[in-house]
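Working notes for the structure below.
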Amino acid sequence: MSISRRKFLGWVGGAVGASTVAKAGYTKGNFKGYPDSYGVLHDTTKCVGCRKCEEACYDVNKAEYDLPKPEKPFVDLELLNKKRRTNWKNFTVVNKYEAKKELEAGKKESVRLFRKNQCNHCLEPACASACFVNAFNKTPQGAVQYDVSICVGCRYCINACPFYIPTYNYESWKPQVFKCTLCLPRTKEGKLPGCVETCPTEALLYGKRDELLKVARERISNNPDKYVDHIYGEHEVGGTSWLYLSSAPFTELGLPELGTKTAPEYTHEALSIVPIVVGLWPVLLTGLYAINKQRKKDEKQSKEQAVAQAIADTEAQAKEQLAKTKADLESKKTKEIEKAVKKALDEQAKKNEESS
Amino acid sequence: MKKDKKSKLIYIYIITILTSICLFIVLTGSKLNNPKLKPPVNTVVSDVVEIDTLSGFGLERPITKFPHDLHTKSLIKTSITTNKDCSLCHPVSEDGKNISIKFKRFEDPKDKDDFINLYHDNCLECHEEKNKAGMTNAPLACGECHKESVAEKKRPSIPFEKQIHQLHVKAEDNKCEVCHHGYDETTKKKVYQKGKEQACSDCHGKEGYVSLRQSSHQNCVACHLEKKIQPLECAGCHDANNVSRWQTFFKNIGNTGTRLNRNQPDMILLSAPAKEQAQSKMKKVPFNHKSHEAANDTCRVCHHETVQACKDCHTLYGDDKTGTPNLETAMHKVSNQASCIGCHNKEKSQTNCAGCHSLISVKSSNENTCKVCHTGKSKLSETDHSSYTMSDIPETVTIDKYVNKYNKVVFPHRQVINSLEGKTERNKMAVRFHISKDTLCQGCHHNTPVGETPPLCSSCHDNQKKLAGKKEKNMPGLIGAYHQQCMGCHTKMNLEYLNECEKCHEEKK
């Protein structure tokens with residue numbers, strides 16, 4: 001196989017070009033969310049742990065997802081004594097927390113708080129970033145939408161989520177991941193999400209994310225003793241659509257302490273190398289292989305040639321040598337004969353001299 | 001070839017064994033030596049005196065942590081027979097009036113060796129004596145005193161509050177001059193000024209005065225030793241556990257009777273300083289000094305710098321040079337316990353009050369709030385200006401505006417008001433502020449002026465839950481408003497019926 005230099009350079013150029021185009025697509029964490037995207041403000045100081053939101057979520061979703069009946073009814077408040085996670089039957093759960101609140105004098109006070117846990121619909125979702133078939137889509141309305149028809153069931157999204165939200169049904173063959181949908185179909189019709197609609201204490205407030213932030217800040221400034229001066233979700237992992245207010249540190253409510261770096265930001269550098277590797281390496285390696293092969297072939301050829309030449313040379317030399325030796329022997333023989341003849345003649349001559 | 005393979009294997013075995021041994025040592029050794037894994041020892045004590053006076057010269061050995069109480073106890077034991085007291089170690093001045101809190105000196109020696117010898121010679125001499133007498137195992141070797149110790153000193157300040165003070169008053173038969181004194185600048189002497197007694201720390205501890213440590217030890221310990229009454233050891237006053245035990249003891253035996261007598265007024269009319277009063281234009285505030293005395297442990301809760309009238313320092317405009325806040329800030333700052341509002345807010349966070357008061361935000365005060373205190377009258381109002389009687393309040397109120405999944409609520413209105421009235425009568429401050437019973441309405445009917453008949457909640461609270469549709473961003477819809485108000489109150493007052501819908505809503509049929 002022989003490649004012309006021109007061809008080889010052309011391949012390399014093409015691969016580099018393709019990979020730079022692929023890298024330029026990521027804008028590195030500048031995404032502040034779609035304008036006018038919606039979110040929910042969850043004021044945990046108002047949550048009383050009644051679980052009506054769980055019931056409403058079940059009612060809204062049971063038809064579409066064919067959810068089984070819950071083992072314990074939603075009026076059972078005993079199961080709040082254990083921390084629960086979302087699972088494929090429960091897209092949202094409410095948990096009870098005995099939060100330690102620190103007062104000024106260094107004393108600690110234990111306050112009972114409840115918090116509703118569900119998909120936070122991040123502005124730059126880790127699940128969408130991890131999904132290599134693009135089954136997740138961050139909609140302009142704010143919800144992170146999941147398309148089950150594309151999903152291959154690899155569960156990378158479950159691994160990627162910093163809040164441990166997407167869950168999987170291991171008892172079914174169907175590749176499907178379950179999480180809160182922010183009731184996107186309902187909100188498109190102008191209705192409220194199921195949980196927000198039912199919450200009796202209005203601990204959930206649905207509205208535009210920018211306005212919710214203003215409301216949250218107003219609440220904090222009007223009641224400085226009541227709230228921790230931080231809105232969880234404002235900047236965490238680049239911002240989430242679901243915002244939390246609390247009267248105790250958020251880590252006491254089971255919310256992980258996350259930086260403002262978005263999930264895609266963690267992985268985009270490594271992932272951006274993939275196009276370069278996939279585009280460039282085959283070309284390079286193939287080229288190198290071809291060059292190597294050619295070199296080896298040439299080497300072999302020249303080696304063979306050299307061997308043949310050497311054989312021919314030695315043969316010729318041998319022949320020459322043989323002829324020479326033959327000639328030598330011949331001359332020697334003649335000389336011997338002459339000598340012998342001369343000797344015999346001399347002897348005869350001598351004999352003749354003696355006899356006369 | 002076989003030989004090579006064999007030797008190779010042997011090498012591998014040896015290396016594996018050595019590595020595992022090393023790992024074992026490293027891992028377990030670190031665990032054994034990790035001090036955090038050792039069982040905790042009660043190392044925080046009040047009597048540790050860290051002798052680091054030579055640190056300026058550079059220390060060669062770890063500092064000695066001197067157990068003072070140990071030595072005091074030993075001294076007390078022997079003092080019965082030997083008549084020795086603190087002056088054994090702490091020198092007394094020639095006029096007999098001052099005792100040094102330093103060891104065997106009034107002033108620190110300048111020379112390093114002199115300083116070292118001061119301690120070594122004196123301590124070791126006594127220790128040798130004791131050891132010879134066979135009484136103790138007093139340390140003599142260098143390393144026995146100069147060793148690393150986990151003992152940490154912690155000496156919380158003693159709250160010399162009114163009940164302890166009362167004990168001393170009784171013990172000294174009302175003679176204040178035994179402890180309290182002023183200072184005459186001209187004669188440079190201590191003088192007693194009757195009627196002007198103050199807290200020790202009002203002067204001691206400030207620049208130019210003897211330190212509080214020196215003066216309190218000199219005054220207190222000396223007297224206790226003379227009269228041979230406890231507490232005599234450091235831990236007796238400075239140990240947090242002991243202190244809290246004394247406090248509980250006093251609280252349990254109740255107020256030990258008579259009021260502190262310093263000719264303080266029963267009732268004052270609080271105002272701005274005289275020459276600024278005309279500019280102030282705020283009506284004067286009648287202040288019941290007597291009841292506030294009874295409600296607080298020390299005078300210093302309010303008289304935080306010196307026992308004087310507030311306006312003597314807190315003028316109308318304040319003082320930028322000294323950083324003194326103006327009168328308004330001093331009286332109203334919410335975050336400060338010495339201010340009226342700050343302390344009152346703390347009272348209102350009690351369980352019996354918090355039901356209503358926790359829902360009233362700090363920013364909800366209006367022009368009527370000021371009038372409650374700024375009356376201008378010298379007497380507090382004793383009359384109930386209530387515009388209603390119990391019979392005016394409906395017995396029950398049926399809330400059925402948005403009945404859907406849940407049935408209506410029959411609210412026992414009169415019963416709730418009765419209960420609230422009962423709670424306010426139990427607290428003196430509440431009695432004062434809720435003397436007009438109709439102030440209680442504002443806990444729930446939060447925008448209705450006192451004395452007016454409140455409108456229905458639904459006249460302002462609609463059913464709008466969407467943020468976009470709300471009239472005011474932070475105003476909850478009607479259902480949210482009811483639940484926040486009712487459940488908020490119940491939570492703060494630790495009442496039942498928190499999570500059971502059926503307790504309020506009639507059962508759905």
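For clarity, every value in this text was computed on a predicted model and none was experimentally measured. No hydrogens, no waters, no symmetry mates; every other heavy atom, side chains included, goes into these values.
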Taking side chain as everything from C-beta outward and backbone as N, CA, C, O, which of these in [X] sits under 4.5 Å from a heavy atom of chain B? Side chain, backbone, both or neither.
X: A/Val196; value: backbone
X: A/Asn222; value: both
X: A/Phe114; value: side chain
X: A/Lys226; value: neither

Item to check | Interatomic distance, B/Met487 atom CE to A/Cys50 atom SG [nearest 0.5 angstrom] | outcome: 6.5 Å

Next on the checklist: To the closest 0.5 Å, what do you measure between CG (A/Asp225) and OG (B/Ser358)?
Outcome noted: 11.0 Å

Assess whether atom [atom1] of [X] is packed by more than 12 heavy atoms of other residues, nucleotides or ligands within 6.0 Å.
X: B/Tyr402; atom1: OH; result: yes
X: A/His235; atom1: NE2; result: no
X: B/Lys492; atom1: NZ; result: no
X: A/Glu218; atom1: CD; result: yes
X: A/Glu109; atom1: CD; result: yes
X: A/Asp229; atom1: CG; result: no
X: B/Lys408; atom1: NZ; result: no
X: A/Glu98; atom1: CD; result: yes

Checklist entry - Considering heavy atoms only, which positions within residues 465-483 of chain B lie below 4.5 Å of chain A? => result B/Lys465, B/Lys466, B/Leu467, B/Lys470, B/Lys473, B/Asn474, B/Pro476, B/Gly477, B/Ile479, B/Gly480, B/His483

Next on the checklist: Using a 4.5 Å heavy-atom cutoff, which residues in residues 200-217 of chain A come close to chain B?
Outcome noted: A/Pro200, A/Thr201, A/Glu202, A/Leu205, A/Tyr206, A/Gly207, A/Glu211, A/Leu212, A/Lys214, A/Val215

Checklist entry - Does any heavy atom of chain A fall under 4.5 Å from the side chain of B/Cys501, the backbone, both, or neither of them? => result side chain

